Number of protein chains: 4
Amino acid sequence: MEFSENKPIYKQIVEHFFSRILSKTWTDGERVPSVREIAVLLEVNPNTAMRAFHELQELDILYNKRGVGYFVSEKAHKKVKEIKRKEFIEVKLPSLFKDMDQLDISFDELKELRK
Amino acid sequence: MEFSENKPIYKQIVEHFFSRILSKTWTDGERVPSVREIAVLLEVNPNTAMRAFHELQELDILYNKRGVGYFVSEKAHKKVKEIKRKEFIEVKLPSLFKDMDQLDISFDELKELRK
Amino acid sequence: MEFSENKPIYKQIVEHFFSRILSKTWTDGERVPSVREIAVLLEVNPNTAMRAFHELQELDILYNKRGVGYFVSEKAHKKVKEIKRKEFIEVKLPSLFKDMDQLDISFDELKELRK
Amino acid sequence: MEFSENKPIYKQIVEHFFSRILSKTWTDGERVPSVREIAVLLEVNPNTAMRAFHELQELDILYNKRGVGYFVSEKAHKKVKEIKRKEFIEVKLPSLFKDMDQLDISFDELKELRK
DNA sequence: GTGGTCTAGACCACC
DNA sequence: GTGGTCTAGACCACA
């Protein structure tokens, strides 16, 4: 996997999980690949993968069965949506509006740029 | 000046300059405060201020007259707009659209959130 | 390492890297010593070493793997040769020819001086 | 006058004098323009011009008649040639030969590049 | 006065 | 372990 340079890799892995869960590729209760598998898959240091798992566990999006693996928690989908929405409203939107002001871009232009 | 914690101070100074130039507080050809003055004004170490100046010089937004000081270069305003626009289009917009998809937010809702 | 007085140390370190790459002591893809190691080796402050690394990174001669170290980039050797050649042709040669004119020195004399 | 960025302006003025004397535009005993005239002519701070004059005086290339102006000294032409030759042999040639080695450029190629 | 470089040393996030 | 940032403070050449 390719990683952007301005974000920590482990955070990008977390977001990777977010996407999978949001898109229901991984659904509530399902087992996710092991730390090692993720590390190999994404060509990443196992420590880095581990760190992502920890973060996801703290967010109650994954839980661990010792000796078995990591699983998507019950309300993971809802939770992820919550987190992303919160971040979107509180962080990204203000930045977006500021940029639109400074660059003099209207909502209509935004719509155009979508294409 | 107050600095956010998740971005290097010197980059925030660079953006500070961006704003000033975009808002035409500092116009093309004008001399900007000296490194030391900026350091005192923003309450940072001169080295940190210097770093911002170097970055701005590399971006062709400031230029230096030896022994005199730094000046806003001719096309600074245009340049800044270019840089910000490029970043907006190439980095922020894709992320915005992805978020809108994942969170199922329409342009109309976006407009509402503006208020 | 000994440094000349009339050039910034960090630039001399950059040229040191140039030499190593030109002589293929360090080849494409290879990891170079860490910032700290270089600092100890050349007996300079880590900051000074860092500065050289940054310059080399901007020139696309080194690239960074986060948490791992700096690596010689793919086309480093070619790149260095390009840079040096450009400088030679555009800066040093004109100066050389001017000097030869003013001092009335011919190519044959130049060859003699080589010995 | 245009100045190169990597050399102090006052040194470039000194070299400017060297050229004039070598080319016999200014000959031994002749009066040269005043500090102020030079400053205006070259669009330079008078202090900077002054510094060049001091350097030239120390090198015995100019001498001063108080209240009258600066004059080219008797053996200026010879002196300049000496200085330039010394610098050429001791500083520039070694650098030239090193570059030729590293870039793998022969004397024949050098001759070609002259054109 | 101006910028530029450097040391010493600290702290941090990340891999 | 890695690089990156920052402060504090000094010293210097140059305009």
Side-chain angles (χ1 to χ4, degrees), chain A residues 3 5-13 39 42-52 54-55, chain B residues 3 5-13 31-39 42-57 62-71, chain C residues 3 5-13 31-39 42-57 62-71, chain D residues 3 5-14 35 39 42-52 54-55:
Chain A
F3 295 101
E5 298 225 328
N6 41 17
K7 263 192 199 171
I9 293 178
Y10 82 93
K11 286 221 171 174
Q12 295 183 54
I13 299 178
L42 307 188
E43 295 171 274
V44 147
N45 187 307
N47 287 326
T48 308
M50 183 62 113
R51 192 158 177 180
H54 277 158
E55 182 116 343
Chain B
F3 295 101
E5 295 226 329
N6 41 11
K7 261 193 197 171
I9 292 179
Y10 80 92
K11 289 224 168 176
Q12 296 182 53
I13 298 179
R31 183 171 176 277
V32 299
S34 77
V35 175
R36 285 170 178 83
E37 283 166 346
I38 289 286
L42 307 189
E43 296 170 273
V44 295
N45 185 292
N47 280 326
T48 307
M50 181 67 120
R51 221 165 152 176
F53 276 78
H54 273 158
E55 186 118 342
L56 287 159
Q57 194 173 23
L62 295 187
Y63 68 95
N64 180 258
K65 279 192 198 167
R66 280 177 289 179
V68 184
Y70 278 94
F71 294 75
Chain C
F3 295 102
E5 295 225 331
N6 42 12
K7 260 192 199 173
I9 293 179
Y10 80 94
K11 289 223 169 176
Q12 295 182 54
I13 299 178
R31 183 171 177 278
V32 300
S34 76
V35 175
R36 284 171 179 82
E37 282 167 348
I38 288 286
L42 307 189
E43 296 171 90
V44 296
N45 186 290
N47 280 327
T48 306
M50 182 66 120
R51 218 163 152 178
F53 277 77
H54 273 158
E55 186 117 342
L56 288 159
Q57 193 172 24
L62 295 187
Y63 68 95
N64 179 258
K65 280 193 199 166
R66 281 178 285 178
V68 183
Y70 277 94
F71 294 75
Chain D
F3 295 100
E5 298 225 330
N6 41 17
K7 261 191 200 169
I9 291 177
Y10 84 94
K11 286 220 172 174
Q12 295 183 54
I13 297 177
V14 168
V35 175
L42 306 188
E43 294 171 273
V44 146
N45 188 308
N47 287 327
T48 307
M50 183 62 112
R51 192 158 176 179
H54 277 159
E55 182 115 344

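For clarity, every value in this text was computed on a predicted model and none was experimentally measured. To find a chain, count down the sequence lines: A is the first, B the second, and so on, and within it residues start at 1.
Between chain C and DNA chain F, the heavy-atom contact criterion of under 4.0 Å yields a 5' to 3' nucleotide range of F:dT2 to F:dC6.
Nucleotides of DNA chain F nearest to D:Lys11 and B:Ile9 differ in position, and the one nearer the 5' end is that of B:Ile9. If you find the closest nucleotide of DNA chain E to C:Pro8 and to B:Lys65, the one lying nearer the 5' end belongs to B:Lys65. Comparing B:Ser34 and C:Lys7 against DNA chain E, the residue whose closest nucleotide sits nearer the 5' end is B:Ser34. Heavy-atom nearest nucleotides on DNA chain F were determined for D:Arg51 and for B:Val44, and the one closer to the 5' end corresponds to B:Val44.
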task = Just do the side-chain contact (heavy atoms from CB on, under 4.5 Å) check on B:Tyr10 and B:Met50 with the steps written out, would you?
result = CA-CA 8 Å; B:Tyr10 80 92; B:Met50 181 67 120; over 6 Å; no
inquiry  = Run the side-chain contact (heavy atoms from CB on, under 4.5 Å) test on C:Ile38 and C:Val35 for me, step by step, so that the C-alpha distance in whole Å, both residues' side-chain angles and the decisive distance to 0.1 Å come before the verdict.
reply    = CA-CA 5 Å; C:Ile38 288 286; C:Val35 175; 5.9 Å; no
request  = Decide yes or no on side-chain contact (heavy atoms from CB on, under 4.5 Å) for B:Asn64 and B:Phe53, but give the supporting numbers first.
outcome  = CA-CA 10 Å; B:Asn64 180 258; B:Phe53 276 78; over 6 Å; no
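Contact annotation for C:Tyr10: backbone-only contact, meaning every heavy-atom pair under 4.0 Å involves sugar-phosphate atoms and none involves a base. Across all strands, B:Asn64 comes closer than 4.0 Å only to sugar-phosphate atoms, never to a base (heavy-atom distances). Among the heavy atoms of the strands lying under 4.0 Å from B:Tyr70 are primed sugar atoms or P, OP1, OP2 only; no base atom is included.
A donor-acceptor pair under 3.5 Å is absent between the side-chain atoms of C:Glu55 and the main chain of C:Ala52, judged by distance alone.
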Pairing pattern in dot-bracket form [Watson-Crick, G-U; both distances under 3.5 Å; | = partner strand] for DNA chain E = ||||||||||||||.
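When rounded to the nearest whole Å, the span between CD of A:Glu43 and P of E:dC15 equals 15 Å. Atom CD of A:Glu55 and atom P of E:dA13 are 13 Å apart (whole Å).
Side-chain atoms of B:Arg36 and B:Pro33, non-hydrogen and from C-beta on, never get closer than 4.5 Å to each other. Contact annotation: the side chain of C:Tyr70 never approaches that of C:Lys65 to less than 4.5 Å [non-hydrogen atoms, C-beta and beyond].
Listed by chain and residue number, C:Tyr63 satisfy the ring pair (Phe, Tyr, Trp, His ring centres under 6.0 Å) test with C:Phe71 (two or more places apart in sequence, or in another chain).
Note that NZ of C:Lys11 and CZ of C:Arg51 are 9.0 Å apart. Values are rounded to the nearest 0.5 Å.
Across all their heavy atoms, D:Ala49 and D:Ile13 have their closest contact at CA-CD1, 4.3 Å.
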